[in-house]
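Right, one structure below, let's go through it.
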Amino acid sequence: MDMEKKNSANFKYMGRSISDLSVNDDSLAFSDCNSDKSGEFPASASQSRRLLLSCAADNSDDLIRQLVSDLESCSIDEQKQAAMEIRLLAKNKPENRLKIAKAGAIKPLISLISSSDSQLQEYGVTAILNLSLCDENKGLIASSGAIKPLVRALKTGTSTAKENAACALLRLSQMEENKVAIGRSGAIPLLVCLLETGGFRGKKDSATALYLLCSVKENKIRAVQAGIMKPLVELMADFGSNMVDKSAFVLSMLVTVPEAKTAVVEEAGIPVLVEIVEVGSQRQKEIAVSILLQICEDNMVYCSMVAREGAIPPLVALSQSGTNRAKQKAEALIELLRQLRSGNAAAKTSDVSV
């Protein structure tokens, strides 16, 4: 059965069913993308009281309307202050997220994301991220034109803006109708770059976004063309990266297309996958053997490469002690490798008889 469809019905991602996931317990590999993790925005002494009120206000409707108005001020300082307070209101009080969107904040915040002022851009990105944590806001954020500005921030922003833009795109990519648009916006090469060069949070959120986006075939090909296989293999090979599971799940989504199979072989991914089958956790072993089976199906050359890496002993062990799914996949892969060995023996016998 196609890995993208197997066992998807039982998986919940951030409280919502995702229909295009590959193997059991993927939810444990991808943690929730929560509100921004950046430090508090700096505030002067004269601003502190209003900032405190903005975070604590129980009846915030009037304040929200004023802040939305201030987003369109001619003063950059007023825009920054308004974006900062909106970000905090949305971060600290989930019920404010829908209120802020209904007050008309989304379009002016999107305009801030395109600002040449890097701090203002960062504030706009962060506020949009926090508003996107409300599921009801995601469609409005996308339809209001946020995707392209978020992609620009992912390319040109501060490190915090890049991380928060990746997280916001992750949120938007949870909507099936946004996946193609995000892929065509140029986001995927930038997410691949963040996966390779970002901090842990950037790697985590870019991996999750890529996983969701690559349920669409054209996005799989874009990711492979953007060079995703190199960082994926490197992260899978580094058991100290805390990214083995996430990277393997992204790879499992990609290897349904021939381009990805070729790329993972070229990036020396087979030895890494065999090592995971041998020494990884139970979940890591399960996903690695599933990927190897996908790579080897209908390709005796790749089967031979797997066999030469010494895969059969750990596969036999997995077929006896792994999860039910891992046992099934290991047995299927062992059978493929035995067919290869039987074929080679038959070929040698034929050579001798001639």
Side-chain angles (χ1 to χ4, degrees), residues 33 35-36 38 68 71-72 76 79-80 82-83 86-87 90 97 100-101 103-198 201-202 205-228:
C33 175
S35 57
D36 63 278
S38 55
V68 171
L71 289 174
E72 300 182 283
I76 287 182
Q79 289 178 316
K80 287 181 181 179
I86 285 173
R87 167 256 180 173
R97 294 167 189 160
I100 292 168
I106 287 175
K107 285 191 175 181
L109 284 172
I110 290 172
S111 296
L112 299 190
I113 298 175
S114 300
S115 173
S116 59
D117 185 295
S118 61
Q119 191 178 53
L120 190 56
Q121 180 190 55
E122 180 182 310
Y123 291 3
V125 169
T126 306
I128 285 292
L129 162 60
N130 288 351
L131 292 177
S132 76
L133 301 179
C134 172
D135 288 333
E136 290 86 345
N137 288 343
K138 289 189 292 190
L140 180 59
I141 290 170
S143 65
S144 297
I147 291 173
K148 288 184 178 179
L150 286 171
V151 171
R152 283 197 294 273
L154 189 59
K155 183 177 182 179
T156 65
T158 64
S159 59
T160 297
K162 289 179 179 179
E163 289 183 347
N164 288 345
C167 196
L169 288 168
L170 183 166
R171 295 291 304 181
L172 299 185
S173 67
Q174 290 176 310
M175 298 182 68
E176 196 66 31
E177 57 267 34
N178 291 335
K179 293 180 180 180
V180 170
I182 293 172
R184 293 177 181 178
S185 71
I188 288 177
L190 299 171
L191 289 168
V192 170
C193 181
L194 190 61
L195 179 68
E196 187 165 18
T197 64
R201 182 181 168 232
D205 289 342
S206 60
T208 310
L210 287 161
Y211 181 78
L212 293 169
L213 290 168
C214 287
S215 66
V216 177
K217 183 177 180 181
E218 65 182 71
N219 288 341
K220 299 177 202 278
I221 295 170
R222 287 191 182 96
V224 174
Q225 291 173 339
I228 192 173

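Keep in mind that the numbers below use all heavy atoms, side chains included, and drop hydrogens, waters and symmetry copies.
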List the steps, then state whether side-chain contact (heavy atoms from CB on, under 4.5 Å) holds for Cys214 with Arg222.
-> CA-CA 9 Å; Cys214 287; Arg222 287 191 182 96; over 6 Å; no
Distance (rounded to the nearest 0.5 Å) between [X] [atom1] and [Y] [atom2]:
{"X": "Gln225", "Y": "Lys220", "atom1": "CD", "atom2": "NZ", "answer": "14.0 Å"}
{"X": "Tyr211", "Y": "Asn219", "atom1": "OH", "atom2": "CG", "answer": "14.5 Å"}
{"X": "Leu131", "Y": "Arg171", "atom1": "CG", "atom2": "CZ", "answer": "11.5 Å"}
{"X": "Ile228", "Y": "Ser206", "atom1": "CD1", "atom2": "OG", "answer": "8.5 Å"}
{"X": "Leu194", "Y": "Lys155", "atom1": "CG", "atom2": "NZ", "answer": "15.0 Å"}
{"X": "Ser115", "Y": "Lys80", "atom1": "OG", "atom2": "NZ", "answer": "8.0 Å"}

Write down the atom of [X], the atom of [Y], and the distance for their closest heavy-atom approach.
{"X": "Ala153", "Y": "Ile113", "result": "CB-CG2, 4.1 Å"}
{"X": "Leu109", "Y": "Ala83", "result": "CD2-CB, 4.3 Å"}
{"X": "Ser132", "Y": "Lys138", "result": "O-CG, 3.5 Å"}
{"X": "Ala181", "Y": "Ile147", "result": "CB-CD1, 4.1 Å"}
{"X": "Ala105", "Y": "Leu71", "result": "O-CD1, 4.0 Å"}
{"X": "Glu163", "Y": "Gly202", "result": "OE2-N, 3.7 Å"}

Can you check whether Lys107's main-chain N or O pairs, donor with acceptor, with Ser111's side chain at less than 3.5 Å?
-> yes
Check: Asn178 side chain, Leu172 main-chain N or O, donor-acceptor pair, under 3.5 Å | yes
Arg97/Glu136 salt bridge by N-O under 4.0 Å criterion | no
With heavy-atom distances below 4.5 Å as the criterion, would you say the side chains of [X] and [Y] are in contact?
{"X": "Glu218", "Y": "Arg184", "answer": "yes"}
{"X": "Gln121", "Y": "Ser114", "answer": "no"}
{"X": "Leu212", "Y": "Gln174", "answer": "yes"}
{"X": "Leu213", "Y": "Leu191", "answer": "yes"}
{"X": "Arg152", "Y": "Pro149", "answer": "yes"}
{"X": "Leu129", "Y": "Arg87", "answer": "no"}
{"X": "Cys167", "Y": "Arg201", "answer": "yes"}
{"X": "Ile110", "Y": "Ser144", "answer": "yes"}

Going by distance alone, is a donor N or O of one side chain under 3.5 Å from an acceptor N or O of the other, for Asn164 and Thr126?
-> yes
